[in-house]
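Working notes, beginning with the structure itself.
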Amino acid sequence: MRFTKMHGIGNDYIYVDCFRNPMPRDPAGISRAVSDRHFGIGSDGLILICPSDTADARMRMYNADGSESEMCGNGIRCVAKYLYDHSLVRKPMLTVETGRGVLNLQLEISGGAVQQVRVDMGEPVLQAPLIPTSLPGDPARGGRVVNVPLAIDGRKVSVTCVSMGNPHCIVFVDDITNEQVLIVGPQVEVHPEFPRRTNVEFVKVNRPEELTFRVWERGSGETMACGTGACAVAVAGVLTGRTQRRVVAHLRGGDLKLEWSEADNHVYMTGPATEVFSGEWPE
């Protein structure tokens, strides 16, 4: 199996070009194998770049545990870079089919290669049953789950929930600690209030236009960055009155620029994409 390793601010995946190569027979099993950082290649999962009937390409994304996810914000930027740099689709505006629909991407090209990508991530999903979560949504706010207490190990944590095609549970804190991310994060991921599990973000607001967070990703554990998580955090910051609609998010692997537009209610994410190396993996 031919593969290319790429990352978006440290959120790294193994990419397979299914335009030029056959679809892997067992993508879930391959994702588990290649993701192992001691006995595999090392990654947060596997992403397949496939032909699409409705867009320039289709992205399928598998977590490190083999579970398939609907969307990956850092991954889709790398898909766009691969499509352009490897001459599959040579144009500055691309469409990519994902588990949350077809998304539009604007490429920043320099020296014949993609440096940054601006992704229209669409509208955030805020109604509790659609996120999905069984936490109570506020009827007066359209069923939104904002600053709702969640019982964790005998204590309550205030959470705000957003879906960007995949579920996110955001916790605002004064300081981000390893205990929160590595102990509380896994507990929230599998909490009964989230029937499809959830990604978990621990966020410190530095200023209304700047924040820092760490993420415990559903199916992968802590990662260096999460694009959909950054979008969800930007929305949660506005919903809770903590941030402006345009923010810079600092993640362990780098920075993302985010905007929750009042004009169309869409969230826009801008960040880099990097190709690391290519090789072959024995199926």
Given side chains that start at C-beta, do those of [X] and [Y] come closer than 4.5 Å, heavy atoms only?
| X | Y | value |
| --- | --- | --- |
| I9 | R77 | yes |
| L135 | P149 | no |
| V267 | M269 | no |
| R207 | Q244 | no |
| I14 | W281 | no |
| M121 | T228 | yes |
| S158 | F172 | no |
| V247 | W260 | no |

Please tell me whether [X] and [Y] have a donor and an acceptor in their side chains that are separated by less than 3.5 angstrom.
| X | Y | value |
| --- | --- | --- |
| T223 | D44 | no |
| T240 | R242 | yes |
| T212 | N206 | yes |
| H191 | T198 | no |

Is it the case that over 12 heavy atoms from other parts of the model lie below 6.0 angstrom from the [atom1] atom of [X]?
| X | atom1 | value |
| --- | --- | --- |
| F39 | CZ | no |
| R20 | CZ | yes |
| R2 | CZ | yes |
| D264 | CG | yes |

Hydrophobic clusters here meaning ILVMFWY residues chained together by side-chain heavy-atom distances under 4.5 Å, can you tell me if I49 and F3 are in one? no
Linking I/L/V/M/F/W/Y whenever any side-chain heavy atoms sit under 4.5 Å apart, do L88 and L48 land together? no
Taking atom [atom1] of [X] and atom [atom2] of [Y], what is their separation to the nearest 0.5 Å?
| X | Y | atom1 | atom2 | result |
| --- | --- | --- | --- | --- |
| E209 | R246 | CD | CZ | 12.5 Å |
| I183 | D153 | CD1 | CG | 9.5 Å |
| S278 | M6 | OG | CE | 8.5 Å |
| H266 | S261 | NE2 | OG | 8.5 Å |
| R32 | S67 | CZ | OG | 9.5 Å |

So salt bridge (charged side-chain N to carboxylate O under 4.0 Å, His left out) across residues 181-206, not counting sequence neighbours, yields D65-R197, E70-R196, D175-K204, E189-R197
Can you see which heavy atom on [X] is nearest to which on [Y], and at what distance?
| X | Y | value |
| --- | --- | --- |
| I47 | G75 | CD1-CA, 3.7 Å |
| G8 | C78 | N-SG, 3.7 Å |
| C226 | L251 | N-CD2, 3.5 Å |
| I131 | V162 | CD1-N, 4.0 Å |
| M59 | M71 | CE-SD, 4.0 Å |
| N166 | S69 | ND2-OG, 4.2 Å |

Quick one: do V184 and W216 satisfy side chain to side chain contact (heavy atoms under 4.5 Å, CB included)? Show the steps, please. CA-CA 9 Å; V184 178; W216 179 268; over 6 Å; no
Are any side-chain N or O atoms of [X] and backbone N or O atoms of [Y], one a donor and one an acceptor, separated by less than 3.5 Å?
| X | Y | answer |
| --- | --- | --- |
| N199 | R218 | yes |
| T160 | N147 | yes |
| N21 | M1 | no |
| S35 | S31 | yes |
| R118 | T270 | no |
| R144 | L239 | no |

Please set out all donor-acceptor pairs under 3.5 angstrom arising from side-chain atoms of residues 104-113, sequence neighbours excluded.
{"unit_1": "E108", "atom_1": "OE1", "unit_2": "Q116", "atom_2": "NE2", "d": "3.4"}

Full working for side chain to side chain contact (heavy atoms under 4.5 Å, CB included) between V235 and L126: CA-CA 10 Å; V235 171; L126 304 176; 4.0 Å; yes
Between [X] and [Y] (salt bridge meaning N to carboxylate O under 4.0 Å), is one present in this structure?
| X | Y | result |
| --- | --- | --- |
| D56 | R90 | no |
| R214 | E222 | yes |
| K5 | D12 | yes |

Classify the angle between the aromatic ring planes of Y15 and Y13 as parallel (below 30°), tilted (30 to 60°) or perpendicular (above 60°). perpendicular
